[in-house]
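Working notes, beginning with the structure itself.
Every chain is numbered from 1 and lettered A, B, ... according to where its sequence line falls, protein lines coming before strand lines.
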There are 2 protein chains.
Amino acid sequence: MAKKTHMVICRLSRYLSILQIQRAEDKKYLFSHILASLAHVTPAQVRRDLMMVGANGIPARGYEIANLVRHIEKVLYASHEHRLALVGVGNLGRAILSYLPGRMTNLVLAAAFDTNPSKTGKLLHGVRCFSLDRLDEIVKREAIDIAILTVPAAVAQDVTDRLVQNGIRGLLNFTAVALRVPRKIHVEDLDVVVSLEKIAYLVREKA
Amino acid sequence: MAKKTHMVICRLSRYLSILQIQRAEDKKYLFSHILASLAHVTPAQVRRDLMMVGANGIPARGYEIANLVRHIEKVLYASHEHRLALVGVGNLGRAILSYLPGRMTNLVLAAAFDTNPSKTGKLLHGVRCFSLDRLDEIVKREAIDIAILTVPAAVAQDVTDRLVQNGIRGLLNFTAVALRVPRKIHVEDLDVVVSLEKIAYLVREKA
DNA sequence: TAGATTGTTAATCGATTAACAATC
DNA sequence: TAGATTGTTAATCGATTAACAATC
């Protein structure tokens with residue numbers, strides 16, 4: 001299967017939520033141009049994305065929704081469970097902890113880490129919080145393979161190194177730091193300030 | 001000036017923070033390949049980005065840091081102030097409110113909105129929180145042109161419509177909803193779940 | 001000058017778009 | 001069949017990479 005870019009994954013995720021609504025309304029088939037208008041993309045884009053995941057439509061009838069959902073879920077959702085850790089239970093970390101549960105399929109928040117003793121040992125939104133000292137031990141024990149990094153910038157690289165050493169393979173980085181990781185590790189940067197600066201830039205340009 | 005993509009803006013932002021550290025260490029000039037290694041990109045990439053913002057280097061000496069900072073800031077930071085509103089002071093909204101102040105240049109958080117009466121009227125991290133009923137009035141009065149959307153998915157489109165009607169021109173969308181907006185409005189989607197699903201997908205693919 | 005840098009140019013790669021033929 | 005859809009193909013566009021000439 002070909003590589004999927006962020007945009008494709010993002011669109012597939014969007015299609016899926018639309019399809020589930022359509023299915024709830026007892027529709028069996030859906031035309032690509034209907035799906036396209038609901039997801040705000042072009043019909044051709046929809047068809048290409050769906051071909052990519054291996055789903056075929058029928059001319060004059062469209063795509064079978066149940067079939068489509070199955071195909072998209074196969075690509076989007078892990079066949080096996082991924083186990084996640086959140087490192088850094090500050091304001092942002094807590095917000096993510098409260099937001100995620102129930103919104104993911106086959107992605108399990110298995111642990112949270114923080115240095116603050118007032119947080120460790122507690123259960124936060126159903127997730128056990130451990131001391132950062134125990135990172136190595138817990139990451140291995142819980143077979144965690146993806147981490148969400150919401151620590152202060154100053155310690156971001158150190159924490160990353162420890163995570164990588166203990167077998168982490170994917171990283172969602174909320175810090176503004178350019179993390180240095182081995183090639184095999186996938187890092188996704190998500191900086192709110194950068195996004196806002198980009199929006200401000202585009203707003204000025206379009207004016 | 002040509003269009004700048006998200007990646008360019010992201011890199012420029014990264015260069016800037018590195019340059020400011022270098023300047024603090026009293027360095028006057030910096031070679032592109034040094035900057036490149038610090039930002040984890042190729043030297044050619046750095047040079048292209050810097051040419052794009054109109055900065056010129058000197059062979060055998062490199063780029064003058066002060067000059068460079070000026071050029072990047074000119075592109076990255078607004079010449080005039082942008083005023084932001086945050087709509088939806090839930091867990092995520094609060095986290096963003098606490099995170100942003102002091103991290104932005106020429107971007108001012110002018111107001112927050114929520115329906116919950118226990119939050120309205122208060123000052124949250126230095127930002128006044130208003131009732132959602134007063135959205136139209138306040139957005140106009142405060143000349144807000146960019147909004148951060150952290151409301152529940154169910155009301156996202158409604159709130160967006162009201163924001164657009166009152167002159168918002170850029171939108172950072174944290175909801176999973178595909179917002180329908182006029183062409184002139186720039187929407188940036190930032191969905192944590194989608195990012196995690198992408199990471200999980202890439203982790204599986206690389207395995 | 002020699003060496004290491006810079007800016008420039010053409011080539012590559014990926015994703016998107018547009019035009020077309022095939023299908024029910 | 002006719003009409004509206006689908007899959008396929010070639011063309012376009014943008015960003016990145018690689019190779020080169022110019023500069024201090």
Side-chain angles (χ1 to χ4, degrees), chain A residues 1-15 19 22 27-65 67-68 71-72 75 178 183 186 189 194 198 201-202 205, chain B residues 1-15 19 22 27-65 67-68 71-72 75 178 183 186 189 194 198 201-202 205:
Chain A
M1 194 182 299
K3 260 192 275 182
K4 309 268 181 312
T5 68
H6 179 67
M7 287 308 293
V8 179
I9 299 282
C10 185
R11 286 196 303 262
L12 288 177
S13 172
R14 190 162 284 178
Y15 300 155
L19 287 169
Q22 296 287 316
K27 293 191 182 163
K28 299 280 181 231
Y29 287 88
L30 196 67
F31 284 129
S32 65
H33 70 278
I34 307 278
L35 188 52
S37 79
L38 291 168
H40 310 328
V41 294
T42 64
Q45 185 66 274
V46 170
R47 279 185 226 120
R48 206 170 336 115
D49 291 340
L50 298 186
M51 266 191 292
M52 223 176 187
V53 302
N56 291 317
I58 302 161
R61 204 182 309 175
Y63 292 83
E64 196 192 336
I65 291 181
N67 210 322
L68 210 47
H71 275 95
I72 296 179
V75 173
R183 283 221 177 146
H186 182 78
D189 294 300
V194 170
K198 186 193 166 195
Y201 173 81
L202 290 169
E205 282 295 296
Chain B
M1 192 183 301
K3 260 191 275 181
K4 310 268 182 312
T5 69
H6 178 69
M7 287 310 293
V8 179
I9 299 283
C10 184
R11 286 196 302 262
L12 287 176
S13 172
R14 190 163 284 178
Y15 299 156
L19 286 169
Q22 297 287 315
K27 294 191 180 162
K28 300 279 181 229
Y29 288 88
L30 196 66
F31 284 129
S32 63
H33 70 278
I34 308 278
L35 188 53
S37 78
L38 291 168
H40 311 326
V41 294
T42 64
Q45 185 66 275
V46 170
R47 280 185 226 122
R48 206 168 338 113
D49 291 339
L50 297 186
M51 265 191 291
M52 222 176 188
V53 303
N56 291 317
I58 302 160
R61 203 181 310 175
Y63 292 84
E64 195 191 337
I65 291 180
N67 210 320
L68 210 46
H71 275 96
I72 296 179
V75 173
R183 285 222 176 145
H186 182 78
D189 293 301
V194 170
K198 185 192 166 195
Y201 172 80
L202 290 169
E205 281 297 296

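Scored by the side-chain contact (heavy atoms from CB on, under 4.5 Å) test, L38(B) finds I18(B), Q22(B), I34(B) as partners (sequence neighbours excluded). Taking the side chain to side chain donor-acceptor pair (under 3.5 Å) definition, one finds that K28(B) meets it with nothing, sequence neighbours left out.
To the nearest 0.5 Å, atom CG of residue L35(B) and atom CD1 of residue I65(B) are 8.5 Å apart.
The side-chain heavy atoms of Y29(B) and I58(B), taken from C-beta on, include a pair separated by under 4.5 Å. Here the side chains of L30(A) and L68(A) are not in contact, with every heavy-atom distance at 4.5 Å or above.
In this structure, L30(A) places its CG atom 12 Å from P of dT5(D), rounding to the nearest Å. Between the P atom of dA4(C) and the CZ atom of F31(B) lies a distance of 11 Å, rounded to the nearest Å. Rounded to an integer number of Å, the gap from D49(A) CG to dG7(D) P is 12 Å. When rounded to the nearest whole Å, the span between CE of M52(A) and C1' of dG7(D) equals 15 Å. Note: CE (M7(B)) to C1' (dT16(D)) measures 11 Å, nearest angstrom. Atom CE of M51(B) is separated from atom P of dT5(C) by 16 Å (rounded to the nearest Å).
Residue Y63(B) has a polar side-chain atom (N or O) positioned under 4.0 Å from OP1 or OP2 of dG7(C).
When all heavy atoms of C10(A) and V194(B) are compared, the pair lying nearest together is CA-CG1, 3.8 Å.
Evaluation of the ring-ring contact (aromatic ring centres under 6.0 Å, His included) test over residues 33-60 of chain B, restricted to residues two or more places apart or in two chains, returns F31(B)-H33(B). Legend: salt bridge (charged side-chain N to carboxylate O under 4.0 Å, His left out) pairs involving residues 31-45 of chain A, not counting sequence neighbours: none detected.
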Base-contact (B) and sugar-phosphate-only (S) positions in nucleotides 19-24 of chain C, heavy-atom cut-off under 4.0 Å, - elsewhere = ----BB
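Against DNA chain C, the stretch residues 32-43 of chain B makes heavy-atom approaches under 4.0 Å through S32(B), H33(B).
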Please report, to 0.1 Å, the donor-acceptor pairs under 3.5 Å made by any side chain of residues 47-57 of chain A, with sequence neighbours excluded.
| residue | atom | partner | partner atom | Å |
| --- | --- | --- | --- | --- |
| R47(A) | NE | S32(A) | OG | 3.0 |
| R48(A) | NH1 | Q45(A) | OE1 | 2.9 |
| D49(A) | OD1 | R11(A) | NH2 | 3.0 |
| D49(A) | OD2 | R11(A) | NE | 2.6 |
| D49(A) | OD2 | R11(A) | NH2 | 3.4 |
| D49(A) | OD2 | Y15(A) | OH | 2.7 |

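Heavy-atom distances to DNA chain C give each of R48(A) and N56(B) a nearest nucleotide, and the one nearer the 5′ end belongs to N56(B). Mapped onto DNA chain C by nearest heavy atom, A55(B) and Q45(A) fall at different nucleotides, with A55(B) at the one closer to the 5' end.
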message = Applying side-chain contact (heavy atoms from CB on, under 4.5 Å) to D189(B) and R14(A), what does each step give before you reach the verdict?
response = CA-CA 12 Å; D189(B) 293 301; R14(A) 190 162 284 178; 3.6 Å; yes
query = Can L19(A) and I72(A) be said to form a side-chain contact (heavy atoms from CB on, under 4.5 Å), step by step?
reply = CA-CA 10 Å; L19(A) 287 169; I72(A) 296 179; 3.8 Å; yes
request  = Using Watson-Crick or G-U wobble pairs with both distances under 3.5 Å, give me DNA chain D in dot-bracket, 5' to 3', with [ ] for crossers and | for pairs to another strand.
outcome  = ..||||||||||||||||||||||
